Participant: 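Please find one structure pasted underneath; my questions will follow.
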Amino acid sequence: MKHLVYLFFALLISTSFAAGKSHKELELKLFKADNKKIQYTGRINFSDPLKPRIWAPGVYIRAKFKGSKCQLLINDEVLGGNNRNYLEIVVDDKAPYRIQTTDKINVIDVPGLSDGEHTVLICKDTESNIGYIDFLGLKCEKLLSLPSKPTRKIEYFGDSITSGTGMDLSVIPCGKGQWYDQHNAYMSYGARTSRNLDAQWQLTALAGVGLVHSCCNMNVVMPQIYDKVILRGDSITWNFKEYTPDVVTICLGQNDGKQDSTKFCTAYVNFIKDLRQQYPKADIVCLTSPMGNAGLTDVLKRYLTGITGYFNTQGDKKVTKYFFSRQYHSGCGGHPDMAEHELIANELTAYIKQLKGW
């Protein structure tokens, strides 16, 4: 009889614990997207503050919470009926993991959480021509305040290289699946450079875009869309006051190919003048294409030397150039792969450190 009493109380305690745990999980609170404790970085359309809409690659959201369970609420446009965006999830600044949305409405469980305080970062890995995502908020036990963002800011203007196209072969190899299955903006050279330098990042980049000529039947060029939220759609004007970078890099020319020097250099000079109107104090760094072959690289070196020299003689010493040490083209379609993006980032990190004294 005594053993039966012990067994009864053991079962009661076990059942109560399980019921309590389930009850606790059911009590997850919804923290909507307009909560002031959630941090956003990048070109985002906040016309509906409860549903911020994101097209650009590399846009990221951070939150800090308490508890052993967290759910992210993310909608996907599912552009064309089959495009589904990739996202990078980073918990407690540890190794990132990459997921793909599965439907228009997605409730994403953050795995492997212990009971305690955690941070989570969500980054859009794919770009505007894959469609938008909406962030609706998150569910957790308690939302906490994050430390302030890094004070340093960098913006990266570019094409598919800058947006992280064709680089992540960890799941789907080149030539398999959809053309965007290897996108990974979070691990691209720009985002990595910024993390190396404890800086915020913004990737103003679109696959196929050029300075005067874009590839792949694209009807826009960078000087036309640099001031937009939806780059591919050339729509929704961006408010430059939302993000004022200390450093701006320009990595264009791969899709232009070998252009007439007067045409290309004139367009480049005018583009820098437009950027200078928006960012009067920023260092503007003109880059060669990391995936450019020897012929294109030689041309870009000559053109960028002339362009930066022009601004320097006009008194703007904060327009400079950097030439990558070699060609990086081991990813899909001749793009840099993930390991090469790290090498590109290391080169650029060293240059910006020297330039800014960071």
Side-chain angles (χ1 to χ4, degrees), residues 154-163 165 188-190 193 203-216 218-227 231 245 247-280 282-329 333-336 340-341 343-345 347-352 354-355:
I154 308 176
E155 185 168 7
Y156 305 84
F157 289 91
D159 50 31
S160 57
I161 309 166
T162 304
S163 66
T165 301
S188 65
Y189 76 86
T193 296
L203 310 183
T204 307
L206 177 65
V209 80
L211 182 77
V212 298
H213 169 79
S214 299
C215 79
C216 318
M218 187 174 290
N219 59 355
V220 294
V221 290
M222 182 58 79
Q224 174 187 349
I225 62 173
Y226 83 102
D227 59 349
L231 297 186
V247 179
V248 171
T249 69
I250 304 172
C251 187
L252 293 168
Q254 183 65 40
N255 295 304
D256 295 276
K258 297 180 182 179
Q259 291 290 329
D260 173 78
S261 61
T262 301
K263 179 181 179 180
F264 186 84
C265 293
T266 299
Y268 211 122
V269 166
N270 289 335
F271 182 44
I272 292 177
K273 288 180 178 179
D274 288 340
L275 290 175
R276 182 56 80 211
Q277 288 294 314
Q278 305 297 341
Y279 305 138
D283 284 277
I284 298 176
V285 184
C286 306
L287 306 173
T288 52
S289 170
M291 66 182 282
N293 60 25
L296 177 60
T297 300
D298 286 344
V299 168
L300 289 176
K301 284 181 176 180
R302 292 202 307 272
Y303 291 176
L304 297 184
T305 298
I307 291 163
T308 55
Y310 166 79
F311 280 99
N312 295 164
T313 58
Q314 296 296 309
D316 191 342
K317 305 293 185 181
K318 301 193 81 173
V319 177
T320 61
K321 62 186 184 297
Y322 180 76
F323 302 155
F324 290 108
S325 64
R326 65 175 181 86
Q327 184 182 20
Y328 298 98
H329 59 126
H335 292 87
E340 289 176 327
H341 269 270
L343 296 175
I344 296 166
E347 285 198 45
L348 190 54
T349 297
Y351 178 75
I352 294 175
Q354 180 182 22
L355 180 70

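The structure presented is a predicted model; accordingly, all values stated were derived computationally and were not measured.
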Participant: For His335 versus Glu340, what's the shortest heavy-atom pair and its separation?
Facilitator: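 For His335 and Glu340, the tightest heavy-atom pair comes out as O-OE1, 4.2 Å.
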Participant: Between Gly208 and Asn255, what is the shortest heavy-atom contact and its length?
Facilitator: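 Shortest heavy-atom separation between Gly208 and Asn255 comes out as C-ND2, 3.2 Å.
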Participant: How many angstroms lie between CD in Gln278 and CD in Glu155, if you round to the nearest 0.5 Å?
Facilitator: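 Result: 10.0 Å between the selected atoms.
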Participant: Any pair with a residue in residues 310-321 that passes salt bridge (Lys or Arg N to Asp or Glu O under 4.0 Å), sequence neighbours left out, goes on the list, sorted by first then second residue, please.
Facilitator: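 Salt bridge (Lys or Arg N to Asp or Glu O under 4.0 Å) check on residues 310-321 returns Arg276-Asp316, Asp283-Lys318.
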Participant: Partners of Tyr226 by ring-ring contact (aromatic ring centres under 6.0 Å, His included), sequence neighbours excluded?
Facilitator: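 Per chain and number, Tyr226 pairs via ring-ring contact (aromatic ring centres under 6.0 Å, His included) with Phe240, Phe271.
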Participant: Side-chain contact test, heavy atoms from C-beta onward, threshold under 4.5 Å: evaluate it for Thr308 versus Thr320 and give yes or no.
Facilitator: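 Thr308 vs Thr320: side chains apart.
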Participant: Applying side-chain contact (heavy atoms from CB on, under 4.5 Å), name anything that partners Val220, two or more places apart in sequence or on another chain.
Facilitator: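 side-chain contact (heavy atoms from CB on, under 4.5 Å) check on Val220 returns Leu206, Met218, Gln224, Ile225, Arg232, Asp234.
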Participant: With a 3.5 Å distance limit and no angle check, can you tell me whether Ser214 reaches the backbone of Gly210 through a side-chain donor-acceptor pair?
Facilitator: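 Looks like yes, one N/O pair under 3.5 Å.
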Participant: Looking at Gln354, I want to see if its CD is surrounded by more than 12 non-hydrogen atoms of other residues, nucleotides or ligands under 6.0 Å.
Facilitator: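 Result for CD/Gln354: open.
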Participant: Taking Val212's backbone N and O only, do any of them form a donor-acceptor pair with Gln259's side chain (distance below 3.5 Å, no angle check)?
Facilitator: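 Judged by distance alone, no pair lies under 3.5 Å.
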Participant: Quick check: closest heavy atoms across Ser289 and Cys251, and the distance to 0.1 Å?
Facilitator: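 Reported closest heavy-atom pair: CA-SG, 4.3 Å.
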Participant: About how many Å separate CE of Met291 and OG of Ser160, when rounded to the nearest 0.5 Å?
Facilitator: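 It is 6.0 Å, given to the nearest 0.5 Å.
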Participant: Report yes if some heavy atom in the side chain of Gln327 is under 4.5 Å from a heavy atom in the side chain of Thr297; otherwise report no.
Facilitator: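 No. Closest side-chain heavy atoms not under 4.5 Å.
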Participant: Suppose the criterion is ring pair (Phe, Tyr, Trp, His ring centres under 6.0 Å): which pairs have a residue in residues 303-323, not counting sequence neighbours?
Facilitator: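 Counting only pairs at least two positions apart or across chains, the ring pair (Phe, Tyr, Trp, His ring centres under 6.0 Å) contacts touching residues 303-323 are Phe264-Tyr303, Tyr322-Phe324, Tyr322-Tyr351.
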Participant: Would you name the heavy atoms of Thr288 and Lys301 that are closest together and state the gap between them?
Facilitator: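 In this case the closest contact between Thr288 and Lys301 is CG2-CG, 4.0 Å.
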Participant: Measure the spacing between CG of Asn270 and CG of Leu275 and express it to the nearest 0.5 Å.
Facilitator: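 The distance works out to 11.0 Å.
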Participant: For Gly190 and Tyr156, which heavy atoms make the closest approach, and how far apart are they?
Facilitator: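 So the minimum-distance heavy-atom pair works out to O-OH, 3.0 Å.
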Participant: Do any N or O atoms from the side chain of Asn312 and from the backbone of Val319 form a donor-acceptor pair under 3.5 angstrom?
Facilitator: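 Yes: the side chain of Asn312 pairs with the backbone of Val319.
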Participant: So do Ile272 and Cys286 actually touch side chain to side chain, heavy atoms under 4.5 Å?
Facilitator: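 Cys286 vs Ile272: side chains touch.
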Participant: If you look at every heavy atom in Leu231 and Thr204, which pair is closest and at what distance?
Facilitator: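 Distance-wise, the nearest heavy atoms are CD1-C, 3.8 Å.
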Participant: Hey, is the main chain of Leu211 close enough, under 3.5 Å, to the side chain of Asp256 for a donor-acceptor pair?
Facilitator: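 Yes, because the side chain of Asp256 sits within donor-acceptor range (under 3.5 Å) of the backbone of Leu211.
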Participant: So which pairs with a foot in residues 257-267 pass salt bridge (Lys or Arg N to Asp or Glu O under 4.0 Å), sequence neighbours left out?
Facilitator: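 Salt bridge (Lys or Arg N to Asp or Glu O under 4.0 Å) check on residues 257-267 returns no pairs.
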Participant: Suppose we screen for salt bridge (charged side-chain N to carboxylate O under 4.0 Å, His left out). Which residues come up paired with Asp274, at least two apart in sequence or across chains?
Facilitator: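 Counting only residues at least two positions away or on another chain, Asp274 forms no salt bridge (charged side-chain N to carboxylate O under 4.0 Å, His left out).
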Participant: Met222 vs Ile250, test: side-chain contact (heavy atoms from CB on, under 4.5 Å). Steps then yes/no.
Facilitator: CA-CA 10 Å; Met222 182 58 79; Ile250 304 172; over 6 Å; no
Participant: So, taking the atom named CD1 in Ile154 and the one named CG in Leu203, what distance separates them when rounded to the nearest 0.5 Å?
Facilitator: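 It is 10.5 Å, given to the nearest 0.5 Å.
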Participant: First locate atom CD1 of Ile284, then atom OH of Tyr279, and finally report the distance between them rounded to the nearest 0.5 Å.
Facilitator: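 Output value for this atom pair is 9.5 Å.
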Participant: Are any of the side-chain heavy atoms of Ile344 and Pro336 separated by less than 4.5 Å?
Facilitator: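 Result yes, sub-4.5 Å side-chain heavy-atom pair found.
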Participant: Does the side chain of Tyr189 come within less than 4.5 Å of Ile161's, by heavy atoms?
Facilitator: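 Yes, side chains in contact.
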